[in-house]
Amino acid sequence: MRYFLELAYNGKDYFGWQRQPKQISVQEVLEKALSTLLRQPIEITGAGRTDTGVHAQKMFAHFDFEEILPQDLVHRLNSFLPKNIVIYKIHEMKSDAHARFDATDRTYHYFVQQGKDAFNYDFVWQIHFQLDIEKMNRAATMLLGKKDFSSFAKLHTDVKTHICEVKFAEWTQNKNELKFTITADRFLRNMVRAIVGTLVDVGKGKISLEEFNKIIAQKDRSFASGSAPAQGLYLADVVYPKSIFINE
């Protein structure tokens with residue numbers, strides 16, 4: 001049987017999602033917990049790879065297990081796992097369902113705090129000046145559609161194409177907190193953080209709207225701004241077709 005874990009995690013203490021040779025990862029912690037509770041080696045495959053320090057409000061990962069799962073496995077996992085990882089639900093899936101390849105949309109949130117705060121610095125990017133959110137939103141509309149996002153991609157990765165379809169990109173404001181929401185069919189390594197870093201420079205007045213459009217067209221990472229810090233980034237949602245779920 002194939003199962004999907006639906007989970008969330010605080011990425012502050014992890015070197016990303018993917019298992020690392022010498023560093024602790026979310027994948028490693030989950031695999032150890034499942035293997036211990038199910039009493040056999042369990043490997044999991046995630047919906048994507050979040051980088052060091054990045055969080056997930058909703059993440060999915062699949063694993064195979066030949067027997068019926070214990071009914072209280074969610075409770076037992078949450079009791080066994082550290083407090084910075086939570087399992088929300090385990091879904092029974094069709095045998096060929098894939099957490100990564102079957103995802104149709106992914107949504108990320110990025111949080112920026114305008115001004116200093118003594119408590120939330122591990123979860124936002126604190127910036128000590130006011131940004132032009134209207135101008136940032138005008139630039140964000142230039143991201144929409146199916147395009148080559150090489151200007152916002154980590155260099156020397158093994159992906160075959162830098163083409164992504166961005167379906168939604170918008171900044172919203174609640175008092176001193178800004179939230180950037182972006183939805184696409186797929187994302188490249190470091191793409192959201194590179195986009196946010198460049199949009200913030202638009203908000204600072206360092207980059208004009210015309211220059212931002214040219215940065216996209218250049219298809220060259222060296223033309224965009226530096227990446228926004230990891231702690232403000234959250235994987236917020238992953239969407240799958242209902243047809244791959246059983247009894248849902």
Side-chain angles (χ1 to χ4, degrees), residues 7-18 20 23-26 48-59 82-86 106-143 149 151-155 166 168-184 187-209 211-212 215-216 221-237:
L7 65 139
Y9 54 85
N10 175 343
K12 177 176 179 261
D13 296 328
Y14 296 100
F15 287 81
W17 163 267
Q18 190 175 19
Q20 304 287 331
Q23 307 288 359
I24 190 70
S25 69
V26 179
R49 303 173 184 176
T50 54
D51 291 334
T52 298
V54 175
H55 316 292
Q57 296 166 322
K58 184 185 283 189
M59 174 63 144
K83 60 185 178 182
N84 50 22
I85 301 176
V86 59
R106 295 169 173 83
T107 297
Y108 281 89
H109 292 157
Y110 194 96
F111 293 92
V112 172
Q113 172 80 36
Q114 295 186 119
K116 191 174 181 180
D117 187 289
F119 301 102
N120 69 350
Y121 50 83
D122 282 335
F123 305 104
V124 300
W125 181 12
Q126 291 188 359
I127 294 178
H128 306 301
F129 40 79
Q130 297 297 306
L131 299 171
D132 187 339
I133 188 172
E134 182 181 350
K135 190 176 178 184
M136 292 159 68
N137 267 329
R138 288 168 65 190
T141 63
M142 299 175 187
L143 299 166
F149 284 91
S151 291
F152 305 106
K154 189 178 181 68
L155 299 175
V166 174
F168 184 85
E170 183 180 68
W171 289 90
T172 54
Q173 184 168 8
N174 180 16
K175 298 181 180 178
N176 287 328
E177 185 176 84
L178 306 181
K179 180 174 76 171
F180 180 58
T181 302
I182 184 167
T183 300
F187 287 93
L188 307 170
R189 288 283 306 276
N190 206 238
M191 177 173 160
V192 181
R193 290 168 59 194
I195 286 173
V196 170
T198 310
L199 286 173
V200 165
D201 277 348
V202 171
K204 290 178 181 179
K206 290 184 175 181
I207 296 175
S208 69
L209 293 175
E211 288 169 336
F212 185 79
I215 288 169
I216 299 173
R221 179 68 183 91
S222 65
F223 286 89
S225 301
S227 298
Q231 75 269 12
L233 182 60
Y234 299 72
L235 176 60
D237 198 11

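Not measured: the values here are computed from a predicted model.
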In the structure I gave you, are the side-chain heavy atoms of V202 and E211 within less than 4.5 Å of one another anywhere?
no

Look up atom CZ in R106 and atom CE in M59, then write down how far apart they are to the nearest 0.5 Å.
9.0 Å

What do the steps show when you test H109 against Y234 for ring-ring contact (aromatic ring centres under 6.0 Å, His included), and what is the final call?
CA-CA 5 Å; H109 292 157; Y234 299 72; 7.9 Å; no

Closest heavy-atom contact between F212 and A139?
CE2-O, 3.3 Å

Restricting to non-hydrogen atoms, name the atom on A194 and the atom on F152 that form the minimum distance, rounded to 0.1 Å.
CB-O, 3.7 Å

Provide the closest heavy-atom pair for I207 versus K135 in the form atom of the first, atom of the second, distance.
O-NZ, 3.7 Å

Chi angles and distances behind the side chain to side chain contact (heavy atoms under 4.5 Å, CB included) call for V166, F149:
CA-CA 10 Å; V166 174; F149 284 91; 3.4 Å; yes

Take atom OH of Y121 as the centre, draw a 6.0 Å sphere, and report whether it contains more than 12 heavy atoms from other residues, nucleotides or ligands.
no

Going by the side-chain hydrogen bond (donor to acceptor under 3.5 Å, both in side chains) test, which pairs reach into residues 168-184, not counting sequence neighbours?
T107-T183

Is the shortest side-chain heavy-atom distance between D13 and I24 below 4.5 Å?
no

What is the minimum heavy-atom distance between A224 and T198, and which atoms define it?
CB-OG1, 3.6 Å

Without hydrogens or angle criteria, can the side chains of R49 and S25 be said to hold a donor-acceptor pair below 3.5 Å?
no

Show the numbers, then the answer: is there a side chain to side chain contact (heavy atoms under 4.5 Å, CB included) between Q231 and D122?
CA-CA 6 Å; Q231 75 269 12; D122 282 335; 5.5 Å; no

I need the Q18 CD to Q23 CD distance, nearest 0.5 Å.
13.5 Å

Approximate separation, where rounding is to 0.5 Å, of L199 CG and D132 CG:
12.0 Å

Would you say Q114 and Q130 are linked by a side-chain donor-acceptor pair, where the criterion is simply a distance under 3.5 Å?
yes

Give a yes or no answer on whether the side chain of H55 reaches the backbone of G11 with a donor-acceptor pair at less than 3.5 Å.
yes

Taken to the nearest 0.5 Å, the spacing of S227 OG from R221 CZ works out to 4.5 Å

Applying side chain to side chain contact (heavy atoms under 4.5 Å, CB included) to Y9 and N84, what does each step give before you reach the verdict?
CA-CA 5 Å; Y9 54 85; N84 50 22; 5.9 Å; no

What are the two closest non-hydrogen atoms of Y110 and A228, and how far apart are they?
OH-CB, 3.4 Å

Distance, nearest 0.5 Å, that separates CD1 of I216 from CE of M142
7.0 Å

Gap separating the OH atom of Y108 from the OG1 atom of T50, nearest 0.5 angstrom
6.5 Å

Give me the one residue out of V200, V196, L131 that meets side-chain contact (heavy atoms from CB on, under 4.5 Å) with L178.
L131

Evaluate the side chain to side chain contact (heavy atoms under 4.5 Å, CB included) criterion for residues I182 and F187: first the C-alpha distance (whole Å), next the side-chain angles of each, then the deciding distance (0.1 Å), finally the verdict.
CA-CA 10 Å; I182 184 167; F187 287 93; 4.1 Å; yes

